[in-house]
Protein chains: 2
Amino acid sequence: MTTKGARTQTRNKEETQRRISEAAAAEFSHLGYSGATLDRISERAGCSKALVIRYFGTKQDLYRTVLNTKYAELSQRETFHALSEAETVSELLRGILSDLFAFNREHPAFARLVSWENLNGAEHLDPATAKAARGPGWARLRSILEDAQEKGMVRGDVDVGRIVYVLQALTVVYFSNRHTMKILTGIPFESPETMSSFVGFYSQLLARGIATDEGKCA
Amino acid sequence: MTTKGARTQTRNKEETQRRISEAAAAEFSHLGYSGATLDRISERAGCSKALVIRYFGTKQDLYRTVLNTKYAELSQRETFHALSEAETVSELLRGILSDLFAFNREHPAFARLVSWENLNGAEHLDPATAKAARGPGWARLRSILEDAQEKGMVRGDVDVGRIVYVLQALTVVYFSNRHTMKILTGIPFESPETMSSFVGFYSQLLARGIATDEGKCA
DNA sequence: GTCATAAGTAACCGAACGGTTACTTGTCAG
DNA sequence: CTGACAAGTAACCGTTCGGTTACTTATGAC
């Protein structure tokens with residue numbers, strides 16, 4: 001009998017690789033590239049350090065794998081794809097912002113990895129993988145936005161890049177700069193209500209901010 | 001004759017301490033706490049490692065000194081204090097945002113240190129020092145904002161913390177997440193025009209977003 | 001001059017790092 | 001049963017880390 005499809009008792013390559021990958025993600029997210037150690041990763045994974053290197057190459061190789069895997073997770077979630085059905089600008093803004101917040105809440109490691117990565121110039125991030133993480137909601141946003149501009153409801157100086165930027169900024173800072181930001185503003189980021197009220201407040205603010213006088217007062 | 005006020009030829013405590021402090025700021029900003037090494041810092045400063053430890057204590061002590069010194073620099077700049085004379089909401093928003101961007105452009109090390117610090121829980125940042133970095137522009141913002149709300153020009157759900165948050169978010173992400181954000185949005189952050197157009201666009205967007213219909217259309 | 005003192009350094013320590021090598025052992029086709 | 005191969009490990013290597021110790025040397029008051 002072959003091993004194929006069966007769960008071997010003590011020795012299992014795929015399962016071990018999965019455990020290593022998981023342990024590495026936790027370690028890199030927590031301590032960054034230079035702070036993480038292969039000794040701790042192998043300890044977390046419950047195997048020897050030599051095995052980690054055998055399966056994933058050098059520390060840098062392992063880091064690259066972890067980072068791009070996390071980005072790929074973002075692009076595969078279902079709620080993201082549901083956004084392609086949105087009808088109005090404000091509805092879509094709220095949907096995207098809400099989804100960005102939800103993803104970051106469910107994957108606390110993600111924002112941390114992005115921060116670490118920016119601090120060393122994003123040289124380990126595969127551009128194609130990162131672009132895929134935008135999801136179909138953004139293509140939808142572009143078409144709806146341009147449509148609203150033609151009808152004179154949205155101001156002409158608004159473009160998709162700037163909207164995406166502010167949505168990302170609001171989200172990223174919430175999760176990766178909460179410590180200094182709490183000292184600065186006093187906002188209780190750990191409170192669940194803060195997050196939902198943030199989404200509502202800022203999506204409305206953005207919708208009003210990009211609208212023409214006609215689009216808003218008429 | 002005493003050393004007081006004179007520039008000694010080869011041995012000079014204050015000057016050496018200044019060089020060490022400068023070298024440490026560059027090193028910590030570039031590589032973070034765990035990535036930085038005392039050997040490199042002493043090499044940059046042109047002195048021995050033992051002297052670094054003698055003057056600043058442990059690596060952690062040195063890091064704390066560097067971090068809080070940078071924050072103190074923010075609170076001492078002149079343009080920040082000029083904001084206390086602003087008259088209108090939109091004028092003040094533009095002033096604060098413009099100044100935040102200017103400071104970060106002039107002090108690239110600052111945003112990096114803030115990112116590193118958030119990644120290890122902001123445990124080395126002195127809260128009093130951080131709060132002082134808000135400057136008088138924010139107290140002015142509160143009073144002008146509340147005044148405008150009483151007159152019915154600004155919506156009631158707007159508060160200073162949320163405005164400060166979005167201003168900081170727009171700025172912080174511009175400087176500390178530019179690498180991943182460029183891949184994501186295609187925005188050319190390195191271009192000088194991008195920054196000034198950002199300040200104009202978002203301060204206008206915010207001003208319109210927080211205004212009541214009356215405050216905007218009337 | 002000279003001498004106490006402070007500025008500054010070379011050499012070293014144990015620990016921890018990333019990575020390699022030589023080895024053991026579970027598993028399965030025949 | 002058995003042997004070959006893959007899964008997995010213990011022990012080690014050279015290097016670098018933060019930090020200490022014992023030492024040199026420039027400086028200024030007397």
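Throughout, a chain's letter reflects where its sequence line sits, starting with A, and its residues are numbered from 1.
Atom CZ of R54(A) and atom P of dA22(C) are 14 Å apart (whole Å). The distance between atom CD1 of I41(B) and atom P of dC17(D), rounded to the nearest whole Å, is 11 Å. When the P atom of dA7(C) is taken as reference, atom CZ of F56(B) falls 13 Å away, rounded to whole Å. Between K59(A) atom NZ and dC17(C) atom C1' the separation is 8 Å, expressed in whole Å. As rounded to whole Å, 15 Å separates atom C1' of dA10(C) from atom CD of E43(B). Between the NZ atom of K13(A) and the P atom of dG8(D) there is a distance of 9 Å, given to the nearest Å.
Side-chain atoms of K49(A) come within donor-acceptor range of the base of dG19(C), with a qualifying N/O pair under 3.5 Å.
Here dA10(D) is the nucleotide among dG8(D), dT20(D), dA10(D) with the atom lying nearest to any side-chain atom of A50(A). Among the nucleotides dT9(C), dA7(C), dC17(C), the one closest to the side chain of Y55(B) is dA7(C). Listed nucleotides: dC17(C), dG8(C), dC17(D). Nearest to the side chain of D39(A): dC17(C). Candidate nucleotides dG19(C), dC17(D), dA7(C) were compared by shortest atom distance to the side chain of R40(B), and dC17(D) ranks first. Nearest to the side-chain atoms of R11(B) among the listed nucleotides dG26(C), dC17(D), dA6(C) stands dA6(C).
Under 4.0 Å is where a charged nitrogen must lie from a carboxylate oxygen, and between R162(B) and D157(B) no such pair does. Between E73(B) and K70(B), at least one side-chain N (NZ, or NE/NH1/NH2) sits under 4.0 Å from a carboxylate O, which counts as a salt bridge. The pair E14(A)-R18(A) fails the salt-bridge criterion, with no side-chain N (NZ, NE, NH1 or NH2) lying under 4.0 Å from an Asp/Glu carboxylate O. Salt-bridge formation is not detected for the pair R178(B)/E190(B): no Lys NZ or Arg NE/NH1/NH2 atom is positioned less than 4.0 Å from an Asp or Glu carboxylate oxygen.
An OP1 or OP2 oxygen of dG8(C) is reached within less than 4.0 angstrom by a side-chain nitrogen or oxygen of T16(B). The phosphate of dG8(C) (OP1 or OP2) has no side-chain N or O of S48(B) nearer than 4.0 angstrom.
If you check every strand for non-hydrogen atoms under 4.0 Å, L38(A) touches sugar and phosphate atoms only. Using a 4.0 Å heavy-atom distance criterion, A45(B) is classed as making no nucleic acid contact.
Comparing L51(B) and I53(A) by the nucleotide of DNA chain C whose heavy atom lies nearest to each, the residue mapping closer to the 5' end is L51(B). Each of G46(B) and S34(A) was matched to the nucleotide of DNA chain C holding its nearest heavy atom; the match closer to the 5' end belongs to G46(B).
With Y174(B) as the fixed residue, the ring-ring contact (aromatic ring centres under 6.0 Å, His included) test singles out one of F189(B), Y202(B), F103(B): F189(B).
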